[in-house]
Amino acid sequence: MLKLHNLSRSYQTDNIETMALDNVNIEIKKGEFVAIMGPSGCGKSTLLNTIGMLDNPSAGDYIFAGENVAGYSEKQLSEIRKKSIGFIFQNFNLIDELTVQENIELALIYHKIPAAERKQRVEKVMDKVGIAHRAKHLPNQLSGGQQQRVAVARAVVGDQPMILADEPTGNLDSAHGQEVMEMLQQLNAEGTTIVMVTHSPAHADYARRTIHLFDGHVVNENVRAA
Ligand SMILES: Nc1ncnc2c1ncn2[C@@H]1O[C@H](COP(=O)(O)OP(=O)(O)O)[C@@H](O)[C@H]1O
Ligand SMILES: [Mg+2]
């Protein structure tokens, strides 16, 4: 599915160069469930954003579905991103002024899908994540666990083959965190490739492989026994 080859990302601020990612080599195959762990500031979000084409590498190659996208323009990247990648964030990132239904539907408007089909797909995915009974609510009328279900629905409604999740359970209590993990596990069982940043060893255990980062380097990888 994707391959990072000698990939680096540096930030320049006040004459100090921070190597957020330093010569990283990672391959992720289609259908994998990969966890990324490491201390705060080690480059986890930079890695996920780079994989998600929200951030550009400073050096190295990023091969996605056989194409080196490292030098692609924002317009080219956003085309690939829309087709291929759904995102889930720690803070849910829902639009406050839109209802549950509208937040999810927005992901399909970007995909230029006709209204009748949009409605049908939104209803199906709301059922799937168990939020249909809150379709007309605004995000601030929902619990954190419910908001993250909406975010999961938004990430999957476009049927993208890969989901990137940056600490998706970081703002949830353990019961709601587990619910989100079970949804991700189910999606992975249905064939979606998942890359997830987490601080929780228990949640990393849902993944088959864990990549440990430290100071912008991959320091260790473990594969869980099947
Ligand atoms: N926009 C930015 N400008 C300057 N430095 C940044 C920026 N984003 C991240 N960094 C730095 O890059 C390093 C990695 O950050 P990040 O990927 O957010 O880490 P993590 O998600 O593991 O906590 C940190 O040292 C951080 O301060
Ligand atoms: Mg982070």
Side-chain angles (χ1 to χ4, degrees), residues 1-28 32-64 69-74 77-78 80-81 85-94 144-145 147-148 150-152 154-155 162-174 176-178 180-181 183-184 193-222:
M1 174 126 228
L2 66 90
K3 204 170 188 172
L4 310 180
H5 180 66
N6 293 343
L7 187 136
S8 298
R9 172 64 162 111
S10 59
Y11 291 106
Q12 189 76 40
T13 37
D14 301 334
N15 298 323
I16 301 167
E17 194 184 29
T18 308
M19 290 297 276
L21 295 175
D22 191 358
N23 220 27
V24 165
N25 288 284
I26 292 175
E27 182 171 2
I28 296 176
E32 272 201 282
F33 190 159
V34 177
I36 297 165
M37 298 191 83
S40 180
C42 71
K44 302 181 297 298
S45 293
T46 304
L47 175 60
L48 207 71
N49 291 341
T50 303
I51 293 174
M53 305 177 200
L54 299 170
D55 193 6
N56 278 313
S58 316
D61 297 319
Y62 177 13
I63 316 296
F64 186 85
V69 301
Y72 277 26
S73 69
E74 176 47 38
L77 293 174
S78 80
I80 302 176
R81 198 164 54 221
I85 309 173
F87 293 89
I88 302 170
F89 301 95
Q90 179 173 3
N91 298 320
F92 323 129
N93 288 16
L94 301 173
Q147 289 185 56
Q148 197 61 309
V150 178
V152 171
R154 181 187 54 186
M162 179 164 79
I163 288 187
L164 304 180
D166 196 348
E167 300 190 38
T169 60
N171 282 354
L172 302 178
D173 62 40
S174 63
H176 289 112
Q178 195 179 330
V180 167
M181 290 313 305
M183 282 189 252
L184 293 178
T193 305
I194 297 182
V195 186
M196 171 188 74
V197 171
T198 184
H199 283 293
S200 158
H203 292 172
D205 270 349
Y206 283 82
R208 175 109 163 87
R209 176 155 71 110
T210 301
I211 297 172
H212 295 269
L213 287 185
F214 188 79
D215 254 357
H217 297 276
V218 174
V219 288
N220 192 19
E221 288 198 37
N222 331 80

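One-based numbering, in listed order, for ligands and for the atoms of each. Every heavy atom of this structure was used, including side-chain atoms; hydrogens, water molecules and symmetry mates were not.
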among protein heavy atoms, the one nearest atom 11 (C) of ligand 1 is Tyr11 CD1, 3.9 Å
Please tell me whether Asn91 and Asn171 have a donor and an acceptor in their side chains that are separated by less than 3.5 angstrom. yes
At their closest point, which heavy atom of Ile85 faces which heavy atom of Gly52, and how far apart are they? CD1-CA, 3.9 Å
Check Pro168 against Ile88 and note the closest heavy-atom contact, atom names and distance. CB-CG2, 4.0 Å
Could you count the protein N, O or S atoms found under 2.8 Å away from the Mg ion (ligand 2)? 1
Just to confirm my output: which protein heavy-atom neighbour is closest to atom 16 (P) of ligand 1, and how far is it? Thr46 OG1, 3.7 Å
Going by the closest heavy atom to atom 24 (C) of ligand 1, which one wins out of Ala20, Gly41, Ser10? Gly41
Nearest non-hydrogen partners of Leu213 and Val219, listed with the distance: C-CG2, 4.2 Å
Could you tell me whether ligand 1 has any atom less than 4.0 Å away from a heavy atom of Ser40? yes
Heavy-atom count check: over 12 atoms from other residues, nucleotides or ligands less than 6.0 Å from Phe214 CZ? no
Should Lys44 be counted as touching ligand 1, given the test is an N or O pair under 3.5 Å? yes
Would you confirm whether any non-hydrogen atom of the protein falls under 4.0 Å from atom 2 (C) of ligand 1? yes
Ligand 1 N/O within reach of Ser45 N/O, cut-off under 3.5 Å: yes
Under 4.0 Å from atom 8 (N) of ligand 1, is there at least one protein heavy atom? yes
Looking only at heavy atoms, which two atoms of Glu17 and Ser10 are closest? And how far apart? OE2-OG, 3.3 Å
Which atoms form the tightest heavy-atom contact between Gln147 and Leu94, and what is the distance? O-CD1, 3.6 Å
In terms of the angle between their ring planes, are Phe89 and Phe87 parallel, tilted or perpendicular, with boundaries placed at 30° and 60°? parallel
Measuring only between side-chain heavy atoms, which start at C-beta, is Leu184 closer than 4.5 Å to Phe33? yes
Here the pair of heavy atoms bringing Ile51 nearest to Tyr62 is O-OH, 2.7 Å
Any N or O of Gly43 that comes nearer than 3.5 Å to an N or O of ligand 1? yes
